[in-house]
Amino acid sequence: MINKKVNNVQEALAGIENGMTLMLGGFGLCGIPENAIAELVKKQTHNLCCISNNAGVDDFGLGLLLQKKQIKKMISSYVGENDEFERQMLSGELEVELLPQGTLAERCRAAQTGIPAFFTPAGFGTEVAIGKETREFNGKMHVMELAFKADFAIVKAWKGDTAGNLIFKGTARNLNPCMAGAAKITIAEVEELVPAGTLDPNQIHTPGIFVQRIFQGEKYEKRIEQLTTRKRA
């Protein structure tokens with residue numbers, strides 16, 4: 001049995017260098033690789049291009065990398081919760097590519113499955129389509145989108161085994177599964193790491209063939225992006 005376990009986050013991120021393109025899983029603050037992001041901040045890895053659904057908040061998630069000016073370019077679909085992101089974008093300090101959420105997910109999935117490009121109607125007639133090939137299918141115009149090319153994909157799962165099989169929980173299934181295997185190397189951090197053969201095969205969302213390194217994270221904060229509660233009577 002192939003063992004893909006590494007001892008810690010430092011070993012997991014070995015080989016990530018300045019200027020690389022990284023995919024980072026998660027949806028809002030749900031299912032983000034907290035340990036890996038904290039280590040990238042600590043390593044002071046900079047000039048990064050980050051592909052992620054969103055940019056975290058000012059003091060958590062990818063917002064920590066933005067605070068330290070470690071990100072050169074963000075490719076995202078939603079960035080409305082981060083004031084520092086807005087400041088850097090409007091000042092020209094940060095290069096930004098905004099995409100429809102489905103397009104971002106499909107560009108990940110295309111990379112994962114080896115499809116170089118695809119056509120989608122999303123974004124036609126908007127700034128998203130500028131400079132891209134367009135074509136008509138069944139009387140409707142479509143935009144050609146290219147699969148992402150990333151050096152590393154960093155995903156976060158609820159459970160995983162030493163062979164790299166992953167189970168995601170709740171909203172974490174939105175982007176993490178399609179990023180696993182969509183880069184040259186996929187790193188998975190998990191809340192619980194178990195021996196291979198422990199997980200029910202019928203419950204596995206991402207098979208281990210898509211993962212090269214796996215480690216057990218620690219001290220997950222699991223912050224809520226916007227806490228809304230009902231007023232007491």
Considering residues at least two apart in sequence or located in another chain, which fulfil the side-chain hydrogen bond (donor to acceptor under 3.5 Å, both in side chains) criterion with [X]?
{"X": "Gln212", "value": "none"}
{"X": "Asn8", "value": "none"}
{"X": "Asp161", "value": "Asn165"}
{"X": "Asn202", "value": "Asp200"}

Suppose the criterion is side chain to side chain donor-acceptor pair (under 3.5 Å): which pairs have a residue in residues 109-129, not counting sequence neighbours?
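Checked against side chain to side chain donor-acceptor pair (under 3.5 Å) - neighbours excluded - the pairs reaching residues 109-129 are Glu106-Arg109.
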Show me the pairs that pass salt bridge (Lys or Arg N to Asp or Glu O under 4.0 Å) and involve residues 37-53, at least two apart or across chains.
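Every pair satisfying salt bridge (Lys or Arg N to Asp or Glu O under 4.0 Å) with a residue in residues 37-53: there are none.
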Only pairs at least two apart or in different chains count here, so list each salt bridge (Lys or Arg N to Asp or Glu O under 4.0 Å) that has a residue in residues 67-76.
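For residues 67-76: Lys69-Glu93, Lys73-Glu95, Lys73-Glu97.
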Quick one: does [X]'s side chain get under 4.5 Å of [Y]'s, heavy atoms only?
{"X": "Glu11", "Y": "Phe215", "result": "no"}
{"X": "Gln67", "Y": "Asp59", "result": "yes"}
{"X": "Ile32", "Y": "Leu24", "result": "no"}
{"X": "Val96", "Y": "Phe85", "result": "yes"}
{"X": "Ile185", "Y": "Arg213", "result": "yes"}
{"X": "Cys49", "Y": "Ile75", "result": "yes"}

Give the minimum heavy-atom separation between [X] and [Y], together with the two atoms involved.
{"X": "Ile16", "Y": "Met20", "result": "CA-SD, 3.8 Å"}
{"X": "Pro33", "Y": "Gly25", "result": "CD-O, 3.4 Å"}
{"X": "Ala196", "Y": "Ala163", "result": "CB-CB, 4.1 Å"}
{"X": "Thr103", "Y": "Ala122", "result": "OG1-CB, 3.9 Å"}
{"X": "Leu94", "Y": "Ile71", "result": "CD1-O, 3.4 Å"}
{"X": "Val41", "Y": "Leu65", "result": "CG2-CD2, 3.6 Å"}

Quick one: list whatever passes ring pair (Phe, Tyr, Trp, His ring centres under 6.0 Å) with Phe118, sequence neighbours left out.
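In terms of ring pair (Phe, Tyr, Trp, His ring centres under 6.0 Å), with neighbours along the sequence ignored, Phe118 is linked to no residue.
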Taking atom types as modelled and ignoring hydrogens, do the side chains of Asn18 and Thr45 form a donor-acceptor contact shorter than 3.5 angstrom?
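No, no side-chain donor-acceptor contact under 3.5 Å.
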Side-chain donor-acceptor contact under 3.5 Å, Gln101 with Asn53:
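The answer is yes; a qualifying pair exists.
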Salt-bridged, Glu191 to Lys222, with N to O below 4.0 Å?
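Yes, charged N to carboxylate O under 4.0 Å.
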Is the shortest distance from a Lys or Arg side-chain nitrogen in Glu221 or Lys219 to a carboxylate oxygen in the other one below 4.0 Å?
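No.
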Taking distance alone, no hydrogens or angles, what donor-acceptor pairs closer than 3.5 Å link side-chain atoms of residues 144-152 to residues at least two apart or in another chain?
{"from": "Glu145", "atom 1": "OE1", "to": "Lys132", "atom 2": "NZ", "distance (Å)": "3.0"}
{"from": "Glu145", "atom 1": "OE2", "to": "Lys132", "atom 2": "NZ", "distance (Å)": "3.0"}
{"from": "Asp151", "atom 1": "OD2", "to": "Thr21", "atom 2": "N", "distance (Å)": "2.8"}

Distance-only donor-acceptor hits, side chain of residues 173-180, under 3.5 Å, sequence neighbours excluded:
{"from": "Arg173", "atom 1": "NH1", "to": "His205", "atom 2": "NE2", "distance (Å)": "3.4"}
{"from": "Asn176", "atom 1": "OD1", "to": "Lys156", "atom 2": "N", "distance (Å)": "3.1"}
{"from": "Asn176", "atom 1": "ND2", "to": "Gly31", "atom 2": "O", "distance (Å)": "3.0"}
{"from": "Asn176", "atom 1": "ND2", "to": "Lys156", "atom 2": "O", "distance (Å)": "3.4"}
{"from": "Asn176", "atom 1": "ND2", "to": "Ala172", "atom 2": "O", "distance (Å)": "3.0"}

Side chain to side chain contact (heavy atoms under 4.5 Å, CB included) partner of Leu22, the single match among Leu40, Leu13, Ile37:
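That would be Leu40.
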Hydrophobic side-chain clustering at under 4.5 Å (ILVMFWY, transitive links): who's grouped with Ile209? Put none if nobody.
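Other cluster members: Phe210.
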By the rule that ILVMFWY residues connect when side-chain heavy atoms come within less than 4.5 angstrom, directly or transitively, which residues belong alongside Phe124?
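Taking Ile, Leu, Val, Met, Phe, Trp and Tyr as members, Phe124 shares its hydrophobic cluster with Met141, Val143.
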